[in-house]
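Encoded as structure tokens, the structure appears first; notes follow it.
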Amino acid sequence: MSAASLSPARPALARQGGKEMSDLGFAMTVIVAVYALNTLIIGVPLGYSFWLSLHDTNAILRTEEFVGAELYGEVLGDPAVIDAIWRSLGFVAMCVAGSFAAALGIALVLNEEMPLRGLVRGLALLPWAMSQVVTATVFSFLLNPSFGALTGLLAPLGLASAATVWLSSDWALFWVALAFVWHIAPLGSFFYLAALQTIPRDLYRAARVDGAGPLSRFRHITLPHLKHTTLIVLVVMTVEAVRQFDLLFSLTRGGPGTSTQILPLLIFRYNFEFSKYGLASAAAFLLTVLSLLLATAYFMLIRKKRTPGEAHAK
């Protein structure tokens, strides 16, 4: 056996222009490339949108007049925007509460031993795998007053009739929120399922020996281990709900009237129906700020609820 074969294998080094590149140089090249790509596909559109929010653009005359922050004041002074913001907050509250409860419940069920558990887990993910347009189509058939499944189910019980309008101005936002929960909850459930499988089973066995019941085990063992996963789930659900457009546009188009017109729908109308590109951009940045505030509130809430042991460990 030759001495060359006994020598330790040298790690393969990236080559650039025929010269060996160090690990640090390779890492920096990848990082710079990723940042450049993100700047191109994210930073440039954001920058152009911000530029539009500072200019009053006339699509017919093709003129652009610099107005500074005037459009932001106009957006905040528009009653339609204020109504859309409050409606968005109500929609987000329903969506996040429902998604959190449904995702956690589904995860707890899927974590149990059952026949064909792999198949059941795959089927549970189907609603999220469907596009939101398909979800809206399913719910439009479900809520149709003439031949919908909900009317057909409740009519024999005397709780509904062909004259029952489920997507009325009073209930439309609720049904859209329910459709959102049905669509997004499976995603959150798999976050929780992954976290549940990291909890040591010995903790549950010891708790049973000590006489702890199911609720006590859930409160003192399961929930503390899911705290950080809950933060991720809440942030994802909130951002998805705040920027929700496809489901609302496909199911109600903001109606009846403006009863389901949340901020993303109003931005769409500013941009594509009224050709007010500056107002649309200003309202879009307002939506971004709203998302950041809600996400920051979650992080602060979780941080304040750290246990004394965790705080000492930090």
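A heavy-atom distance below 4.5 Å is not found between the side chains of Leu293 and Thr296. Within the 4.5 Å cutoff, the side chain of Leu108 has heavy atoms near those of the Phe218 side chain. Residues Glu273 and Phe268 form a side-chain contact, since some pair of their non-hydrogen atoms from C-beta on lies under 4.5 Å apart. Side-chain contact between Leu231 and Lys227 is absent, with no heavy atoms from C-beta onward closer than 4.5 Å. Proximity of Leu286 to Ile85: side-chain heavy atoms (C-beta onward) are separated by under 4.5 Å at one or more points. Residues Gln132 and Phe245 fail the side-chain proximity criterion, which asks for heavy atoms closer than 4.5 Å. Counting heavy atoms from C-beta on, the side chains of Phe180 and Leu248 never come closer than 4.5 Å. Using a 4.5 Å heavy-atom cutoff, the side chains of Tyr298 and Val96 are in contact.
In summary, the side chains of Tyr270 and Ser281 do not present any donor paired with an acceptor at a separation below 3.5 Å, with no hydrogens or angles considered. Side chains of Gln261 and Arg253: a donor-acceptor N/O pair is absent below 3.5 angstrom, by distance only.
Under the 3.5 Å distance criterion, the side-chain polar atoms of Arg269 are left unmatched by any main-chain donor or acceptor of Phe274. At least one donor-acceptor pair closer than 3.5 Å links the side chain of Trp175 to the backbone N or O of Trp166. Side-chain atoms of Thr258 never come within 3.5 Å of backbone atoms of Gly254 as a donor-acceptor pair (strictly under, hydrogens ignored). Side-chain N or O atoms of His225 include none that pairs as donor or acceptor with a backbone N or O of Ile199 at under 3.5 Å. Between the side chain of Ser49 and the backbone N or O of Leu46, no donor-acceptor pair lies under 3.5 Å. Between the side chain of Arg217 and the backbone N or O of Ala212 there is at least one donor-acceptor pair closer than 3.5 Å. For Ser216 (side chain) and Gly213 (main-chain N/O), no donor-acceptor pair under 3.5 Å exists by modelled atom type. Checking side-chain atoms of Thr135 against main-chain N and O of Ser131 turns up a donor-acceptor pair under 3.5 Å. A donor-acceptor pair under 3.5 Å links the side-chain atoms of Asn144 to the main chain of Ser146, judged by distance alone. Judged by distance alone, with hydrogens and angles left aside, the side-chain atoms of Thr260 form no donor-acceptor pair with the main-chain N or O of Pro256 at under 3.5 Å.
Atom-to-atom distance recorded for Met237:CE and Leu234:CG is 8.5 Å, nearest 0.5 angstrom. Note that CG of Leu294 and CG of Leu290 are 5.0 Å apart. Values are rounded to the nearest 0.5 Å. Between the CD atom in Glu240 and the CD1 atom in Ile184 there is a gap of 5.0 Å [rounded to 0.5 Å]. Here the straight-line distance linking atom OG1 of Thr238 with atom CZ of Phe100 works out to 11.5 Å at 0.5 Å rounding. To the nearest 0.5 Å, atoms CG (Leu104) and CG (Leu226) are separated by 6.5 Å. To the nearest 0.5 Å, atom CZ of residue Phe272 and atom OH of residue Tyr277 are 8.0 Å apart.
When each of Leu279, Leu263, Leu76 is tested with Val81 by the rule side chain to side chain contact (heavy atoms under 4.5 Å, CB included), just one qualifies, namely Leu263. In summary, of the residues considered (Tyr48, Phe66, Phe50), a ring-ring contact (aromatic ring centres under 6.0 Å, His included) with His55 occurs for Phe66 alone.
Residues Ser140 and Thr137 share a closest heavy-atom pair of OG-O, 2.6 Å. Across Ala185 and Ala103, no two heavy atoms sit closer than the pair O-CB, 3.5 Å. Here the shortest heavy-atom pairing between Pro156 and Thr151 reads CD-O, 4.4 Å. Across Ala195 and Thr229, no two heavy atoms sit closer than the pair CB-OG1, 3.3 Å. Considering all non-hydrogen atoms of both residues, Thr164 and Ala160 come closest at OG1-CA, 3.6 Å. Closest non-hydrogen pair, Ser259 versus Ser169, comes out as CB-O, 3.5 Å.
Within 6.0 Å of atom CZ in Arg117, more than 12 heavy atoms from other residues, nucleotides or ligands are found, so the atom counts as buried in its surroundings. Summarising the local packing, CH2 of Trp51 is surrounded by more than 12 heavy atoms from other residues, nucleotides or ligands at distances under 6.0 Å. Heavy atoms from other residues, nucleotides or ligands lying under 6.0 Å from CG of Leu215 number 12 at most. Open room surrounds CH2 on Trp128; 12 or fewer heavy atoms of other groups in view lie less than 6.0 Å from it.
In this structure, Leu143 is a member of the same hydrophobic cluster as Leu159, with clusters built from ILVMFWY side-chain heavy atoms closer than 4.5 Å. Phe147 and Leu154 end up in different hydrophobic clusters when Ile, Leu, Val, Met, Phe, Trp and Tyr side chains are linked at under 4.5 Å. Follow the hydrophobic side-chain contacts under 4.5 Å out from Leu223 and you reach Leu196 in the same cluster. Linking ILVMFWY residues whenever their side-chain heavy atoms come closer than 4.5 Å, directly or via other members, leaves Leu287 and Phe285 in distinct clusters. No continuous path of ILVMFWY side-chain contacts below 4.5 Å connects Val181 to Val235, so the two sit in separate hydrophobic clusters.
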Verdict with reasoning, Val120 to Met114, per side-chain contact (heavy atoms from CB on, under 4.5 Å)
CA-CA 9 Å; Val120 173; Met114 65 179 75; 4.1 Å; yes
Test side-chain contact (heavy atoms from CB on, under 4.5 Å) applied to Gln244 and Leu265, step by step:
CA-CA 8 Å; Gln244 186 55 231; Leu265 274 175; over 6 Å; no
Could you walk me through whether Ile262 and Leu266 pass the side-chain contact (heavy atoms from CB on, under 4.5 Å) test, one step at a time?
CA-CA 6 Å; Ile262 62 174; Leu266 185 59; over 6 Å; no
Verdict with supporting geometry, Thr230 and Tyr192, side chain to side chain donor-acceptor pair (under 3.5 Å)
CA-CA 8 Å; Thr230 297; Tyr192 278 126; 3.0 Å; yes
Worked check of side-chain contact (heavy atoms from CB on, under 4.5 Å) between Leu167 and Trp171
CA-CA 6 Å; Leu167 292 174; Trp171 288 95; over 6 Å; no
